[in-house]
Amino acid sequence: MSRMWNKIPFKSSELQLTGTLNGGQSFRWNFDITEKTWTGIFAKTVWKLQQENNCLKYQVLGTLLEKSNKETEIFEMLLKNYFRLDVDLGNYYKKWSERDQFFKSACVQFYGIRMLAQEPVENLFSFICSQNNHISRISTMIEKLCKHYGEKICEVDSVPYYAFPDVEKLSQLEVESHLRELGFGYRAKFIKKSANQIVQWGGKKWFGSLKDMKYTEAKAELMKLCGIGPKVADCICLMSLNHLEALPVDTHVYQIAAQNYLPHLKGKRSVTEKVYSEIGDHFRSLYGDMAGWAHTVLFCADLKKFQQADSITVEQGNQRKKKKK
DNA sequence: CTGTGACCTTATTG
DNA sequence: ACAATAAGGTCAC
């Protein structure tokens, strides 16, 4: 059965799917090189996306959301929210470019990088997996989480798609040993224990309260979880709790900062708490209240797979990943 | 408060 | 080929 494309009009210059979906924010999107489409999952729904003529086109391949006569409206609303289409990104790129020459030159090929509004649970456990790890392994680990603990949404061409699991599922007793068997290493304990803590503190309600807190309070709260330090806490604040001034300082960002902004950091062997906040504060004073978003554009520009890479190389990278079974 | 090493596993590097 | 290294860190001294 062939599906129809739905269309959301949106300037292509302000939405770049490649950098946004494959730039290390979410790990659940895959590019199909022949169809030139992106397939991915959020909100218990399997989406296929494509860009054309200033339109974002989408199909829903399957969903666990309840039936409704307003389905089209709901799906459209979910997408608009996920990509934050209400944010006029052109204005912000202009502002960041005016304030920073380095940003100005970096952003040319990296137009339209949008900060996704992700779901907190997926975001939190994905970035526990991300520590001391590379993107390819992070992706396979997250797929394992979904396959073993998530609800099946549908099957397309005999490929099953799973929703990201609930916290309750991940807090079960046997999760730690099981995840170790599946190759999660020491992150297995972090996942199980954090899930447990979150359930005890109220689950969904707890995440809701983090959105209402100030950024620094929300970050401190997150860092009480097992396996969540300053960097992952900032990722969660930025990517799913709407605290856009949060600025995760990882090895890449540290290098960028030492090379281009804060040369006195060059000799340092490790990022201490003090250096960490110095870097964050520097970028916040430079870019303002959405510094984390600007930082994501720089991070994208720094990612190896995007360097001197047109989309072809990126696509080949995905192909290889898929073949590996 | 700062510095250092261990920690799981594996894709990439030389 | 095949070992060493680094990979979007965190925790415990």
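The sequence lines fix the lettering, A, B, ..., with proteins before strands; numbering per chain opens at 1. These numbers come from a predicted model, not from an experiment.
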Under 4.0 Å, counting only non-hydrogen atoms across every strand here, what does [X] touch: a base, just sugar-phosphate, or nothing?
X        : answer
A:Gly183 : sugar-phosphate
A:Ile228 : sugar-phosphate
A:Glu181 : nothing
A:Leu179 : nothing
A:Thr272 : sugar-phosphate

Determine the interatomic distance between [atom1] on [N] and the same-named atom on [M]; round to the nearest Å.
N     : M      : atom1 : result
C:dT5 : B:dG5  : P     : 14 Å
C:dA7 : B:dC7  : C1'   : 14 Å
B:dC8 : C:dC13 : P     : 15 Å
C:dG8 : B:dG14 : P     : 15 Å

- Query: Which sits closer to the 5' end of DNA chain C, A:Cys226 or A:Asn133, going by the nucleotide each is nearest to?
  - Reply: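 Nearest nucleotide further toward 5': that of A:Asn133.
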- Item | First of A:His295 and A:Gly227 reached from the 5' end of DNA chain C, by closest nucleotide |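 First, find each residue's nearest nucleotide; the 5'-ward one identifies A:His295.
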- Message: Should the side chain of A:Arg137 and the base of B:dC8 be counted as holding a donor-acceptor pair, with the cut-off at 3.5 Å?
- Response: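 Donor-acceptor pair under 3.5 Å: yes.
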- Message: Using a distance-only criterion (donor-acceptor N/O pair, under 3.5 Å, no hydrogens), is the base of B:dT10 paired with the side chain of A:His134?
- Response: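 When only heavy-atom distances are counted, A:His134 does reach the base of B:dT10 through a donor-acceptor pair under 3.5 Å.
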- Message: Tell me the closest heavy-atom pair linking A:Cys154 and A:Val46, and the distance in Å.
- Response: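 Answer, listing the atom of A:Cys154 first, then A:Val46: SG-CG2, 3.8 Å.
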- For the student: nearest non-hydrogen atoms of A:Lys95 and A:Tyr287, plus distance: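 Closest heavy-atom pair between A:Lys95 and A:Tyr287: CE-O, 3.6 Å.
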[X] [atom1] - [N] [atom2] separation (whole Å):
X        : N      : atom1 : atom2 : value
A:Ile142 : B:dT10 : CD1   : C1'   : 16 Å
A:Ile138 : B:dT12 : CD1   : P     : 13 Å
A:Lys268 : B:dT4  : NZ    : P     : 11 Å
A:Arg187 : B:dA6  : CZ    : P     : 17 Å
A:Ile191 : B:dC8  : CD1   : P     : 13 Å
A:Ile135 : B:dT12 : CD1   : P     : 11 Å
A:Glu176 : B:dC8  : CD    : C1'   : 12 Å
A:Lys189 : B:dT9  : NZ    : P     : 14 Å

- Are A:Phe27 and A:Phe127 close enough that their ring centres sit under 6.0 Å apart?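 Yes; A:Phe127 has its ring centre under 6.0 Å from that of A:Phe27.
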- So, A:Phe75 versus A:Trp47, ring centres under 6.0 angstrom or not?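 Distance test on ring centres: under 6.0 Å, yes.
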- Task: Using the salt bridge (Lys or Arg N to Asp or Glu O under 4.0 Å) rule, collect all pairs that involve residues 73-87 of chain A, keeping only residues at least two apart or in two chains.
- Result: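 Those involving residues 73-87 of chain A are A:Glu76-A:Lys80.
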- Dot-bracket for DNA chain C, 5' to 3', counting Watson-Crick or G-U wobble pairs under 3.5 Å, with [ ] for crossing pairs and | for inter-strand pairs? .||||||.|||||
- Query: A:Asp281: what forms a salt bridge (charged side-chain N to carboxylate O under 4.0 Å, His left out) with it, not counting sequence neighbours?
  - Reply: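 By the salt bridge (charged side-chain N to carboxylate O under 4.0 Å, His left out) rule, A:Asp281 matches A:Arg284.
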- How would you list, by chain and number, every residue that makes a ring pair (Phe, Tyr, Trp, His ring centres under 6.0 Å) with A:Tyr149, sequence neighbours excluded?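 Testing A:Tyr149 for ring pair (Phe, Tyr, Trp, His ring centres under 6.0 Å), a comparison that skips the adjacent residues, returns A:His178.
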- Task: Go through A:Leu298 and A:Phe102 one step at a time and tell me if the side chain to side chain contact (heavy atoms under 4.5 Å, CB included) criterion holds.
- Result: CA-CA 9 Å; A:Leu298 292 185; A:Phe102 182 69; 4.0 Å; yes
- Message: What residues from residues 249-260 of chain A pass a heavy-atom cutoff of under 4.0 Å to DNA chain C?
- Response: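 Output list: A:Asp250, A:Thr251, A:His252.
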- Could you give the start and end, 5' to 3', of the contact zone on DNA chain C for chain A, using atoms under 4.0 Å from its heavy atoms?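 Contact boundaries, 5' end first: C:dA7 to C:dC11.
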- Pair A:Lys192 + A:Glu174: basic N to acidic O under 4.0 Å: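 Salt bridge absent between A:Lys192 and A:Glu174.
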- Task: Decide side chain to side chain contact (heavy atoms under 4.5 Å, CB included) for A:Ile198 and A:Phe125; before the verdict, give the C-alpha distance in whole Å, the side-chain angles of both, and the deciding distance to 0.1 Å.
- Result: CA-CA 11 Å; A:Ile198 293 169; A:Phe125 291 102; 4.2 Å; yes
